[in-house]
2 protein chains.
Amino acid sequence: MKATYDLPCNIAQTLNIIGDRWTLLIVHEIFIGNNTFSEIKRGLNGISSNLLSDRLKYLEESGLVASSLYSDHPPRYAYNLTDSGKDLEDVFNSIILWGRQHLDKCYKKIIHDKCNHEVDITYYCSYCNENVDELSVVEVD
Amino acid sequence: MKATYDLPCNIAQTLNIIGDRWTLLIVHEIFIGNNTFSEIKRGLNGISSNLLSDRLKYLEESGLVASSLYSDHPPRYAYNLTDSGKDLEDVFNSIILWGRQHLDKCYKKIIHDKCNHEVDITYYCSYCNENVDELSVVEVD
DNA sequence: ATACTAGGTTGATTTTTTGAACTTAGTAGC
DNA sequence: GCTACTAAGTTCAAAAAATCAACCTAGTAT
């Protein structure tokens with residue numbers, strides 16, 4: 001049985017899906033357009049075939065990835081993200097931005113296409129129609 | 001030797017620090033105000049003492065956590081986040097928001113204090129002074 | 001006919017994590 | 001002064017997970 005976190009917390013429950021070693025990086029590879037088994041493997045120096053195979057199956061079970069057969073014989077699959085997989089974009093970006101600020105050796109930054117300047121994360125309240133700072137994390141009903 | 005990802009990618013390098021099992025949850029416990037060993041342990045149902053002890057040491061080495069002795073005899077430490085630890089807030093929030101949308105059982109939501117409505121993540125370009133959608137992740141120089 | 005690639009599977013070895021017991025030093029109750 | 005209890009760990013065996021290397025099948029290229 002897969003070890004999971006048994007905690008009433010969005011973060012723990014989300015990590016039960018994407019928190020295993022390599023998993024988030026695999027989703028990210030697909031996110032940036034590496035769609036076949038060997039493209040993903042090439043992108044992730046050091047991952048073993050069996051682990052990649054297991055993780056892709058688990059991600060598909062969890063609904064973040066969908067695979068489609070693009071050749072019958074031999075079977076060849078293309079892996080794509082579902083909407084929930086694509087919605088990890090903000091998670092990727094928040095991690096990239098943290099790394100931009102705090103990693104000794106930083107590789108990536110996120111820029112606004114139009115002006116090429118770097119962007120920050122903010123929070124937007126669509127009810128008030130404005131960016132807001134004062135937030136609370138609260139229980140749902 | 002600790003297994004690390006050897007990839008030129010902010011996400012992989014950041015996960016080398018916070019990607020091990022339990023680590024991000026430990027930082028989160030401290031973030032929400034559980035500052036002693038036993039408070040953190042109580043907050044994380046299922047974690048073992050030795051692992052918590054190891055992780056706290058590694059987080060301190062990595063500069064995300066600072067411990068201060070609040071009693072000499074017996075030694076008692078309070079764990080606090082450094083600035084880089086606190087800066088994981090956006091990572092926590094992006095995961096909470098993903099969970100809000102995609103977890104079967106969701107526990108938390110993030111609201112704007114003033115109006116109690118839920119917020120979204122957006123990206124702000126301080127050069128253009130506006131929220132922006134069109135972003136690119138690019139190599140740093 | 002031989003080599004090479006894609007997309008895996010199998011099984012042994014190594015590394016991590018878990019779980020339980022133990023330790024040290026202090027406080028609280030009687 | 002004795003017993004129980006708590007905090008903050010450490011130690012060590014057992015279980016689980018990841019790595020590594022070899023193998024497999026079916027095609028393509030030379």
Side-chain angles (χ1 to χ4, degrees), chain A residues 1-7 12 15-30 33-62 65-80, chain B residues 1-7 12 15-30 33-62 65-80:
Chain A
M1 249 278 281
K2 188 172 169 307
T4 53
Y5 302 114
D6 178 27
L7 299 168
L15 290 179
N16 278 337
I17 303 173
I18 56 160
D20 289 329
R21 185 159 163 74
W22 293 108
T23 302
L24 193 63
L25 295 176
I26 293 168
V27 178
H28 186 245
E29 286 299 308
I30 303 174
N34 292 322
N35 296 101
T36 66
F37 191 91
S38 35
E39 281 169 0
I40 298 169
K41 194 165 189 310
R42 247 195 306 278
L44 298 177
N45 186 16
I47 195 172
S48 58
S49 299
N50 56 349
L51 195 71
L52 178 53
S53 181
D54 289 353
R55 292 291 192 264
L56 286 169
K57 272 172 208 153
Y58 186 70
L59 284 168
E60 192 156 10
E61 265 176 50
S62 305
V65 165
S67 69
S68 53
L69 205 62
Y70 68 84
S71 151
D72 262 347
H73 233 59
R76 291 285 178 272
Y77 292 93
Y79 298 95
N80 284 284
Chain B
M1 250 279 281
K2 186 172 171 304
T4 53
Y5 303 114
D6 178 26
L7 299 168
L15 290 178
N16 279 336
I17 303 172
I18 56 161
D20 290 329
R21 185 159 164 74
W22 293 108
T23 302
L24 193 63
L25 295 176
I26 293 168
V27 178
H28 186 245
E29 286 299 308
I30 302 174
N34 292 323
N35 295 102
T36 66
F37 192 91
S38 35
E39 281 169 359
I40 299 168
K41 195 165 188 310
R42 249 194 305 278
L44 298 176
N45 185 18
I47 195 172
S48 58
S49 299
N50 56 349
L51 196 72
L52 178 53
S53 181
D54 289 353
R55 292 291 194 263
L56 285 169
K57 273 172 208 153
Y58 186 70
L59 284 167
E60 192 156 10
E61 267 176 49
S62 305
V65 164
S67 69
S68 54
L69 205 63
Y70 67 84
S71 151
D72 262 347
H73 235 59
R76 291 285 179 271
Y77 292 94
Y79 298 95
N80 284 283

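The figures that follow rest on heavy atoms only: side chains count, while hydrogens, waters and symmetry mates do not. Chain naming here is simple, since letters A, B, ... match the order of the sequence lines and numbering starts at 1 in each.
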* Which residue lies toward the 5' end of DNA chain D, B:Ser53 or A:Arg55, if each is placed at its nearest nucleotide? ->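 It is B:Ser53 whose nearest nucleotide is closer to the 5' end.
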Would you indicate, yes or no, if [N] has its OP1 or OP2 atom less than 4.0 angstrom from a side-chain nitrogen or oxygen of [X]?
X: A:Lys57; N: C:dT9; answer: yes
X: B:Trp22; N: C:dT16; answer: no
X: B:Tyr5; N: D:dA18; answer: no
X: A:Arg21; N: C:dT15; answer: no

Please examine the side chains of [Y] and [X], heavy atoms only from C-beta on, and report whether any two atoms are closer than 4.5 Å.
X: A:Val65; Y: A:Ile26; answer: no
X: B:Asn34; Y: B:Leu44; answer: no
X: B:Leu51; Y: B:Asp20; answer: no
X: B:Leu56; Y: B:Ile30; answer: yes
X: B:Arg55; Y: B:Arg21; answer: yes

- Can a donor-acceptor pair under 3.5 Å be found between the side-chain atoms of B:Asp54 and the base atoms of D:dG9?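 For B:Asp54, whose side chain was compared with the base of D:dG9, there is no donor-acceptor pair (under 3.5 Å).
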#### Entry: Base C:dG8 paired with A:Asn50 side chain (donor-acceptor, <3.5 Å)
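A donor-acceptor contact between them is absent.
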Measure [atom1]/[X] against [atom2]/[N] and give the value in whole Å, please.
X: B:Glu29; N: D:dA8; atom1: CD; atom2: P; value: 14 Å
X: B:Ile26; N: D:dG9; atom1: CD1; atom2: C1'; value: 14 Å
X: B:Tyr77; N: C:dA25; atom1: OH; atom2: P; value: 14 Å
X: B:Leu52; N: C:dA20; atom1: CG; atom2: P; value: 17 Å
X: B:Asp20; N: C:dT17; atom1: CG; atom2: C1'; value: 11 Å
X: A:Leu51; N: D:dA16; atom1: CG; atom2: C1'; value: 13 Å
X: B:Leu56; N: D:dA7; atom1: CG; atom2: P; value: 16 Å

ask   = Does atom CG of A:Asp6 have more than 12 heavy-atom neighbours, drawn from other residues, nucleotides or ligands, at distances under 6.0 Å?
value =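 Open: at most 12 neighbouring heavy atoms sit under 6.0 Å from CG of A:Asp6.
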Check: In residues 33-49 of chain A, which residues come under 4.0 Å of DNA chain D by heavy atom?
Finding: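 Within this stretch, A:Ser48 sit under 4.0 Å of the strand.
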**Message:** Please enumerate all residues that pass ring-ring contact (aromatic ring centres under 6.0 Å, His included) together with B:Tyr5, with sequence neighbours excluded.
**Reply:**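 ring-ring contact (aromatic ring centres under 6.0 Å, His included) check on B:Tyr5 returns A:Trp22.
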